[in-house]
Amino acid sequence: ESLAGLAGVAFAGDWIVGAMGATSSRAVFLRGHGAVYVCAFVSFWLQYDGLLSDRGLTPARATWQTIARRTAAPTAWAGFRRVPALAWWFAAAAAPDEEAAVPWFDSEVKGVAVVGCIAAAAAATGVSEHAAVFVVCWLAYSTLFCVGQSPWLGFQWDLLLLESGAAAVLYARSSSRDACGHHPMAWPLRALFVKFMVMSGLAKIEARRPTWERLTALEFHFASTCLPTAEAWWFHSLPPFVLRLAVAVTLFLELYAPWLVLAPWVAVRRLGVVLQVPLQLVIMLTGNYNWFNLHSLVLLVPAWAADACDRGPPKLRVLELSWSAARLLTVVGLVLYGLFGRAFPALFPMRVLRPRHADETFVAAVARRDGWAVESRVTPRVAADLLETALGAAVPTAYAALFVTSTAYVWSAARSRRRSIASALWRVAVSIASAVWLGVAWRPFARLLDHPGRRTRNSLTGTGLAPFFEAAHSVDAVLEPFRVSNGYGLFRRMTGVAPSVGRDGWAGVAEASAVAVPVVVVETSADGATWHEVRRFRYYPHDPLRAPRRTAPHQPRLDWQMWFAALGSYHHNAWFLHLLYKILQDDPRDPVLTDLLRAPPPADARDHPSRVEHAPPPPPPPHTLVRASTYEYDLTRVPTPWAASIPGAALVATNCSRRAFFFPAAWLLDEAPSNETAPCAAYWTRRRVGDYVPAVDRAVLLEQVLRPRGWPERPPPSGADGARAPP
């Protein structure tokens, strides 16, 4: 019955398409991709003034002038072929080293974002699914990407949006008569999803990190992710065995399950979609990855679609029509058995450390220190062999299926009396372009297999695909500036891993998973003796008493970069020093302070946010010094035996109203240790490690950071002096 139910979910998808008011899965993809574009454009526009305007942290005008000087293109079109941005035209009248020659640069860049957002909204609402709309969207986002790439853009979701956006141009409708919902470009889009997921899994295995080898990554992830959600606090307290089993499932879904969406049968592909959707939803629930997970779900839509139009030749539609209910259940059952009955137990074997007592429940046994354990046998060699074998089967299979789809796509135009010869020829051209695009999309896999520094080097000669990838490489070299084929690799390395102290671990792992997430905390002072923490970041986890906030599908890029800055040094983050200058300057007109940061809290609540005074506090003296300190953060935890065994972990009190959070009673401690108890309102615990930026004043930042880079300064607010920091 459960198998039949899963099969029913996998094949009863037409009502989803109809509920969106769309006529096909192709229309659902185009509208969904338009919605992703809207999220990206709106998020960029809201933050442009604070990040990239002339008064922002890293003025885009200076970035573009540097690009123009390095490119040294004789014409705007020649420059576009090297750096695909519309800025070549609206800045064409200016010399690249003359700031005054481009007076409207900021307005023009923001105007590009507005035009892109309007075009994306037209696609998202179904007003237009024409290819020209997606050309506008891609050109607009490519312009924003090039202008603001460092350090604010250039993330993997930006590259994925450019790659899928370029493919969407060919996948979109080319005329009002293009009503057939099935299209050969669906195959390159399916290959894109496979590449994105498989490369993410391979990156984790190739990293050879203990957190992935021992399957303990999720014991750090929920606290160390850039901007966790309030739900992540609950997941952070789950039993170690449950989290390690979840890591095993994640690796399996990234390395093995994605290949199902390249199956030539719609039945198997839809099963692959059903397996991937829960993973994306859980990631969306526990982390703020802007539109990334929504985009991943949209990329699954082409895998749901059938491959032959209803008007296609009957002999070419045999793969779509040959599925009776009995065959469907048989194939789905065999695939599920092969995946989870054979492959998963072989790669991630589970074992019982100590058998259950007669009166012990399975839930209680799972949470015991010596209950269950799971280990990983997926080595870099195993992963490379998988990639080699999968590509050897997937490439010829995908091209054979693409031929079937392309033939049906061209046939529907050739058989229609309303279509001209030009329409049929256009479809032939699109089919050829789809075949080329499919090869280019897989090009990063060749780099993985034949990289000279790879520890487990497999050769493409083993797959027999070396000539294929050589041809794809020549095309990829021409298209490389347009970023239509990129490599990916998410969460290669887990941050926040504290050094092991040799205490007993849990569920078969010797060491406890102690968490120490580096966080940069900014402080200001008027006299160099008393320091006040700057708690003005909208989403960055600085206040231990503030619950993590949900930001998706918006991406607060300043808060994200604060997370990355904590992993390195301020010497490589000049924008952070610029931020310190602006915080010290405290100009109420500064877009960094008004658009990216919150209004400052009352003076009496800076150090004690839970204390509220009825009488207004006296105005504080002007702050002339600023510093940044490095702290180590960890989420507080539900009082459980495994949490109590983790060094430095803070447990919420047993009488807290939110301590249980649906945890079974068998998992909870009767009473948390008094020396490890955190306040009920605390979501975070932290300790200071040292200085990130030593105490400096505004004059030092002005002379050593702003002026050498040509960043504009603004007059300081009245009453502030320019006293230097003490040596």
Any heavy-atom pair between the side chains of Trp531 and Leu625 that's under 4.5 Å?
yes
Measure the shortest side-chain to side-chain distance between Ile583 and Leu597 over non-hydrogen atoms and say whether it is less than 4.5 angstrom.
yes
SB check Asp634 Arg687 (cutoff 4.0 Å):
no
From the list Glu533, His623, His532, side chain to side chain donor-acceptor pair (under 3.5 Å) partner of Thr524 resolves to His623
Indicate yes or no: at least one non-hydrogen side-chain atom of Leu593 is less than 4.5 angstrom from one of Asp586.
yes
Taking every non-hydrogen atom, the tightest pair across Pro544 and Arg686:
CG-NE, 3.8 Å
Is Asn288 reaching over with its side chain to a backbone N or O of Leu227, donor-acceptor style, under 3.5 angstrom?
yes
Is there a donor-acceptor pair closer than 3.5 Å between any side-chain N or O of Arg627 and the backbone N or O of Asp691?
no
Look up atom CG in Leu577 and atom CG in Leu702, then write down how far apart they are to the nearest 0.5 Å.
12.5 Å
A side-chain contact here means heavy atoms from C-beta on lying under 4.5 Å apart; do Trp575 and Gln561 qualify?
yes
Would you call Val652 and Arg637 a side-chain contact if the rule is heavy atoms closer than 4.5 Å?
no
Given ring pair (Phe, Tyr, Trp, His ring centres under 6.0 Å), test Phe292 with Phe196 step by step and report yes or no.
CA-CA 12 Å; Phe292 205 15; Phe196 165 65; 5.4 Å; yes
Does a side-chain heavy-atom distance below 4.5 Å link Trp684 with Thr636?
no
To the nearest 0.5 Å, what is the distance between CD1 (Ile283) and CG (Leu279)?
4.0 Å
In Å, rounded to the nearest 0.5 Å, how long is the span from SG of Cys39 to NE2 of His295?
11.0 Å
Between Thr71 and Ala73 (side chain of the first, backbone of the second, donor and acceptor by atom type, cut-off under 3.5 Å), is there such a pair?
no
Within the distance-only criterion (no hydrogens, no angle test), does the side chain of Glu163 pair as donor or acceptor with the backbone N or O of Asn486 below 3.5 angstrom?
yes
Donor-acceptor contact below 3.5 Å, side chain Arg550 vs main chain Leu285:
yes
Starting at CZ of Phe220, measure out to OG1 of Thr495 and round the result to the nearest 0.5 Å.
10.0 Å
Between Phe537 and Tyr540, ring centroids under 6.0 Å
yes
Flag the pair Arg483 and Asp158 as a salt bridge only when some basic side-chain nitrogen lies within less than 4.0 angstrom of an acidic carboxylate oxygen.
no
Under 3.5 Å, side chain of Trp212 to main-chain N/O of Val247, donor-acceptor pair present?
no
For residues Pro84 and Cys146, report the shortest heavy-atom separation together with the two atoms involved.
O-SG, 3.7 Å
Indicate yes or no: at least one non-hydrogen side-chain atom of Glu523 is less than 4.5 angstrom from one of Ser629.
yes
Are Phe564 and Phe576 close enough that their ring centers fall under 6.0 Å?
no
Between the side chains of Arg61 and Asp54, is the shortest nitrogen-to-carboxylate-oxygen separation below 4.0 Å, so that they form an ion pair?
yes
Considering only heavy atoms from C-beta outward, does the side chain of Val705 approach that of Arg709 to under 4.5 Å?
yes
Identify the heavy atoms of Ser513 and Ile646 that sit nearest to each other, and give their distance.
O-CG2, 3.4 Å
Does this structure show an ion pair linking Arg244 with Glu219, if we count only N-O contacts that are shorter than 4.0 Å?
yes
What distance separates Leu218 CG from His221 NE2, expressed to the nearest 0.5 Å?
6.5 Å
Side-chain donor-acceptor pair under 3.5 Å between His554 and Ser43, yes or no?
yes
Consider only side-chain N and O atoms of Ser569 and Tyr692, and report whether a donor and an acceptor are under 3.5 Å apart.
no
Ring centroid separation Phe235 to Phe222 under 6.0 Å
yes
Is Arg492 salt-bridged to Glu206, going by a charged N under 4.0 Å from an acidic O?
no
Consider only side-chain N and O atoms of Thr58 and Trp152, and report whether a donor and an acceptor are under 3.5 Å apart.
yes
I'd like to know if the side chain of Tyr631 reaches the main chain of Gly690, judged simply by a donor and an acceptor atom lying under 3.5 Å from each other, with no hydrogens or angles considered.
no
Could you give me the CA-CA distance, side-chain angles and deciding distance for Thr143 and Val109, then say whether side chain to side chain contact (heavy atoms under 4.5 Å, CB included) is met?
CA-CA 8 Å; Thr143 300; Val109 174; 5.7 Å; no
Under the 3.5 angstrom rule, does the side chain of Asp106 hit a backbone N or O of Ser53 as a donor-acceptor pair?
no
Rounded to the nearest 0.5 Å, what's the gap from CZ on Arg698 to OG1 on Thr624? Could you check?
8.0 Å
Classify the ring geometry of His578 against Trp711: parallel below 30°, tilted from 30° to 60°, perpendicular beyond 60°.
parallel
For the residue pair Ala516 and Ala498, what are the closest heavy atoms and their distance?
CB-CB, 3.8 Å
Test salt bridge (charged side-chain N to carboxylate O under 4.0 Å, His left out) on Glu254 and Lys204; report intermediate values, then the result.
CA-CA 10 Å; Glu254 289 183 343; Lys204 299 175 178 63; 3.1 Å; yes
Using a strict cut-off of less than 4.0 Å between a Lys/Arg side-chain nitrogen and an Asp/Glu carboxylate oxygen, indicate whether Glu213 and Arg209 qualify as a salt bridge.
no
Closer than 3.5 angstrom, by distance alone: can the side chain of Trp563 be matched with the main-chain N or O of Ser224 as a donor-acceptor pair?
yes
When you measure from the side chain of Lys110 to the backbone of Trp45, do you find a donor-acceptor pair of N or O atoms at a distance under 3.5 Å?
no
Would you please indicate if the ring centroids of Tyr48 and Phe44 are separated by under 6.0 Å?
yes
